[in-house]
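Being a predicted model, the structure only gives us computed values, none of them experimental. The first residue of the sequence shown is numbered 1, and numbering continues consecutively from there.
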Amino acid sequence: MTRCAIVGFVLVIGAGCGGDASESTTGADADQERLKKQHALAKQARADFTALSVDPDAAANLAWTKATELAVEGETAAAAVAYEMAADLYRAGAKRVRSNQATAADNARVEALSVDLAMLKMKGEDLVARASKIRTETAGDTDAARKRMLAIAAGLDEMVATAEFRRWQSTLSVLETQIRSRQFDAARAGLTKAQEAHETFADEVNALGPRFDATLAFTGAKQKLQDAAGWYRRAGLDSTAALGPVQAKMQRAHELRSARNYGEAIPIYKQVAEEAAAARRNGDTLLGHKKAAMRVRASAAASAETWNLVQRTLDAVTRDEASAGLAALARGDALLKEHKYKPANDAFADAALRLDEVVRKHSGRAPLGWRILDPAKGWNGYCRAVADPQSGIRFLLVEPGTFDMGVLSGTPAKGEFVKHKVTLTRGYYLAQYETTTGQWFRFVGATGHVSRAEERGRSQTWEKASLRVEAMRDACWMEPYPGWELVAQATWPVTALDARDVDRFCRHYGYRLPTEAEFEYAARAGQKTRYAWGNNPKDGRGQGNFFDRTADNSLRSYVKDSFFFRDEHRFVAPVGSFPANAWGFFDLDSNVRERVADRFGAKTSAKARTDPLHTQGQDGVWRGGSYMAGATTARIAARGPLADKALETWTGFRVVRVIE
């Protein structure tokens, strides 16, 4: 029933209620009989609807309630109309439910047949693969067994090519079409026939003897061993102790297989597979301990930060005002010792919020629920430094102002801005550090978000064997450098994220990316030099994480202007490892380059601009230097295009919190 129909129904019944009393009582006996009849119909409709265990529609309930009210008031004619409408609505609802149930039953049959089809497809593909292996296994034999194996393999090819099956894949396509079009009987018959044919040839293949079984057992054991060893390598764990004895058994099984002692080799292969799987599970437990240790470190960091806030609170006010916060902090410490990570962090956050309330009484403004790190007042009365307890990110207040943006002297490189005046009319909170892996881990724990690199199974990074930048398998924010035995640290800047991942993070916490103007304004920090440290790139020694002598010789040849710096970081460095700029921000010109809010391709002249944001362009924009580039590229005005779907282990981001 549409909304208009409901409104019209109420108006009609309402008009009936406003009629003359003498008219409403005319033919009272006839109306009463009609009322009973309609009441019985509606009651039966309600019973039908209830039998289907479905609640009535809101419109039907409205009609029923209104009819009852009219009947009580003596408006029998109007009540009869209402009861009749309620009965119609209940019948319509019951019909709709029956239809939905029929659809659900068909969907269940579709799902069941689809599962059977998928299983048959897997069996068929497995059988084809096994026949191919038979040909390979028997290529060098000359005895009767070889002829028998090749005959069965040829029979399998014949089965796949017959008109009855229209080739194996064509048969599957036909069955899929029948299932989608709900031709259930035909699909079931086809599945049964295909299954029978499959079983016939599977029996013949399986009868080839223990040699092929040994080959399969070897393949399974080898895959398990490779999986366990690879997992240990990616997790940065030592696999020698766990997999050494298993590999010795594998070698023994190889010797038996070479001597054609298949009966003895097969159980050893199976044992190898089981022990390799067990080693993988043990390694998973070890990684769980590592993750637990990361949580402990995060909780400990929260405890230390909260304790510092306690000290500042006690310096500013009386001890009694901070007692609630101190009690919450004590609870957090106790839970931390018991390794109850989330309750501990919740207790720390509660302590910080309680103490923050006290500090607010004696300092400037801050976003609601945030911790005050520096109570000194700045633009519009906001505190100079704050922290978001939800994300763990620290922010510094940037005052409004006017500055020279772009290349201040010399000729701009392609895509860079010419010198022009920019005015920012509003203050903003900018993250003091690049967003870290630990902060991203907290976001993933809260939302379950899966990054694009995890979905694709690869990201751009340094490949150890070729010493080149390649799209490497398994490279993602958790493991940015597969093969280098480097486990992601919580204090590293998070990388290998695309624009969608960054947007989800910002939306979850209420942040956004800085504009190019906001980024460059903070990076310059009042300076008019080419670099944050001056005009000579060689003076950048010790000022940031660039491409330098710490990298291997082959890597160093990738960048020609490293000036032989040595910063002891081959790839990323923990955030804050190098000096802050004049306004207290870290790594705006090094470590990893950062996504910003603007689009690339916008052209600017020397004309002054106010609060600019360039929204036209196919690609996004990166700003700042990185460990992948030499110091000469760390110019404050440097910029370049960055595809929204780019996944790189030298690109990260930092965030802005907008304030009034």
- prompt: Any chance the rings of Y521 and Y428 have centres within less than 6.0 Å?
  reply: no

Any side-chain donor near an acceptor of the partner, R593 and T651, under 3.5 Å: yes

message: List the residues meeting ring-ring contact (aromatic ring centres under 6.0 Å, His included) with H508, not counting sequence neighbours, and say none if there are none.
response: F443

field: Test side chain to side chain donor-acceptor pair (under 3.5 Å) applied to D598 and Q616, H614, R623, the passing residue
entry: H614

task: Without swapping roles, check the side chain of R442 against the backbone of Q390 for a donor-acceptor pair under 3.5 Å.
output: yes

field: Salt bridge present between R595 and D498 (N-O < 4.0 angstrom)
entry: no

- request: Flag the pair W533 / F546 as yes when their ring centroid distance falls below 6.0 Å, and as no otherwise.
  value: yes

- request: Would you please name every residue forming a salt bridge (Lys or Arg N to Asp or Glu O under 4.0 Å) with E275, sequence neighbours left out?
  value: K249

message: Determine whether a donor-acceptor pair (N or O, by modelled atom type, separation under 3.5 Å) exists between the side chain of D501 and the backbone of R452.
response: yes

message: If you define the side chain from C-beta out and look only at heavy atoms, does anything of S590 sit under 4.5 Å from Y627?
response: no

message: Hydrogens and angles aside, do W477 and E454 bring a side-chain donor and acceptor to less than 3.5 Å of each other?
response: yes

message: For a ring-ring contact (aromatic ring centres under 6.0 Å, His included) check, start with the C-alpha distance between F395 and Y511, then their side-chain angles and the critical distance, and finish with the verdict.
response: CA-CA 11 Å; F395 293 83; Y511 306 147; 5.4 Å; yes

- prompt: Is D587 close to V575 at the side-chain level, that is, under 4.5 Å between some pair of heavy atoms?
  reply: yes

Carboxylate-amine/guanidinium proximity below 4.0 Å for E520 and R639: no

